[in-house]
Amino acid sequence: MQLTRRTLLTMTAAASAVSLAPSLMARSPAEALYRRSIAIDGCGGPGGRVPGHGNPLSDEEVADVRESGLAAISMTIGNVGTMPPLEAFEQTTRDVVRWEGEIQAHPGALATIRTTQDIVRANDHGQCGLIYALQDGVSFEDDLGRLEALHYLGIRVIQPTYNRRNLLGDGCMEMSDAGLSRNGVAAIERMNELGITVDLSHCGRRTTANAIATSKRPVAFTHTGCYALVEHPRHRTDDEL
């Protein structure tokens, strides 16, 4: 057989496919395990392909959700320390309404999560459940009574602080690292009563320790980094976090 450029490329491609076959087979058990598991993304959300906040999900984005195999996503809504508390609460409400509309528009792909049973149900039906989460307590820091309204709206995960200080406590970038305030302790206790998970990502060390000591329910770190492997966050800017 004459060895032409085309023949050489064909033989190379065939050899590559054969060499990759064992690795593909080796990954298949892991993929099978993933598909059998109830997988939850600790901090994410559907969408992002279409620029602009609040745009409806595209068909491609909905397809991505279906193919992800995720049973649920802890999805951040609302703002983080960039507006007055009442305005932040109103923004959170608008975000919930927006995503509830997406769930109604795509019932085969998305589901609302209020309980652990909802996660199991979404997984069984091939849906991805949305767990509404706040990454900052700014929307209720001056009025803990809003926690009940937030729970009613479907908020099930809340970070007391996000990097900086608020009326609940200190975030991970505060130099003083003073921990939870009395208001913050009361907020943790009320979250426990309502069944809202306390998320300690972005919280300062003492705030984290105080919250763990205060909470009567398990806390969570939905997204975080290993302190020993990164530069201390106090020495970094907001843009780098």
Side-chain angles (χ1 to χ4, degrees), residues 37-46 70-80 85-86 88-104 110-125 127-162 166-169 171 179-203 207-224:
S37 302
I38 296 180
I40 301 174
D41 187 329
C43 184
L70 290 168
I73 299 173
S74 179
M75 187 178 71
T76 302
I77 62 173
N79 285 67
V80 288
L86 185 56
F89 177 79
E90 292 171 347
Q91 180 62 57
T92 297
T93 302
R94 286 192 291 270
D95 283 356
V96 169
V97 171
R98 180 262 169 122
W99 284 106
E100 286 296 302
E102 291 289 354
I103 291 170
Q104 292 180 18
L110 301 173
T112 300
I113 300 300
R114 296 289 187 272
T115 67
T116 54
Q117 290 79 11
D118 290 338
I119 298 175
V120 174
R121 188 178 302 109
N123 186 68
D124 291 344
H125 288 82
Q127 299 166 305
C128 180
L130 303 184
I131 306 170
Y132 299 142
L134 302 182
Q135 284 203 54
D136 197 332
V138 62
S139 62
F140 62 88
E141 63 178 349
D142 63 340
D143 183 358
L144 298 188
R146 294 194 195 115
L147 275 169
E148 292 187 19
L150 290 168
H151 181 268
Y152 180 81
L153 289 171
I155 309 301
R156 292 296 182 268
V157 180
I158 294 178
Q159 280 175 206
T161 64
Y162 182 89
N166 61 23
L167 295 180
L168 304 178
L180 282 178
S181 66
R182 290 182 182 276
N183 207 38
V185 170
I188 299 298
E189 293 173 343
R190 188 63 185 127
M191 288 163 64
N192 281 177
E193 294 170 357
L194 291 168
I196 298 174
T197 297
V198 178
D199 181 3
L200 299 176
S201 309
H202 292 276
C203 293
T207 298
T208 297
N210 293 161
I212 291 172
T214 301
S215 182
K216 300 300 188 294
R217 294 173 178 262
V219 300
F221 296 86
T222 61
H223 60 288
T224 187

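Distance CE/M191 to CD1/I196: 6.0 Å, rounded to 0.5 Å. Summarising the geometry, atom CD1 belonging to I212 is positioned 4.5 Å from atom CZ belonging to F221; distances are rounded to the nearest 0.5 Å. Atom OG of S181 sits about 7.5 Å away from atom CG of N166, to the nearest 0.5 Å. For the atom pair I155 CD1 and L194 CG, the distance stands at 12.0 Å (nearest 0.5 Å). In this structure, L180 CG and N210 CG are separated by 4.5 Å, a value rounded to the nearest 0.5 Å. To the nearest 0.5 Å, atoms CG (L130) and CD (E102) are separated by 9.5 Å.
Between the side chain of R146 and the main chain of F89, no donor-acceptor pair closer than 3.5 Å is present. Under a 3.5 Å cut-off, the side chain of E141 and the backbone N or O of L167 do form a donor-acceptor pair. Looking only at distances, a side-chain donor or acceptor of T92 sits under 3.5 Å from a matching main-chain atom of A88. Checked by atom type and distance alone, the side chain of S215 pairs as donor or acceptor with a backbone atom of R217 at under 3.5 Å. Counting only distance, with no hydrogens or angles, the side chain of D136 and the backbone of T161 share no donor-acceptor pair below 3.5 Å.
The residues R190 and E148 are annotated as salt-bridged, a charged nitrogen and a carboxylate oxygen being separated by less than 4.0 angstrom.
In this structure, P160 and I188 approach most closely via the heavy-atom pair CG-CD1, 4.0 Å. Nearest heavy atoms, I73 versus G45: CG2-N, 3.5 Å. Nearest heavy-atom pair across H223 and Q135 is NE2-OE1, 3.1 Å. Taking both residues in full, the closest heavy atoms of G129 and A122 are given as N-CB, 4.2 Å, listed atom of the first, atom of the second, then distance.
R121 pairs with exactly one of I119, D124, N123, D118 by the side chain to side chain contact (heavy atoms under 4.5 Å, CB included) rule, that one being D118. The only option from V219, V157, L134, I158 that meets the side chain to side chain contact (heavy atoms under 4.5 Å, CB included) definition with D199 turns out to be V157. Exactly one residue among R114, R156, E100 makes a side chain to side chain donor-acceptor pair (under 3.5 Å) with Y132. That residue is E100.
Residues L153 and T93 are in side-chain contact: their nearest non-hydrogen atoms beyond the backbone lie under 4.5 Å apart. The closest side-chain heavy-atom distance from S201 to C43 is not below 4.5 Å. In this structure, the side chains of L144 and N183 come closer than 4.5 Å at one or more pairs of heavy atoms. Proximity of W99 to P46: side-chain heavy atoms (C-beta onward) are separated by under 4.5 Å at one or more points. The shortest distance between side-chain heavy atoms of T214 and N192 does not fall below 4.5 Å.
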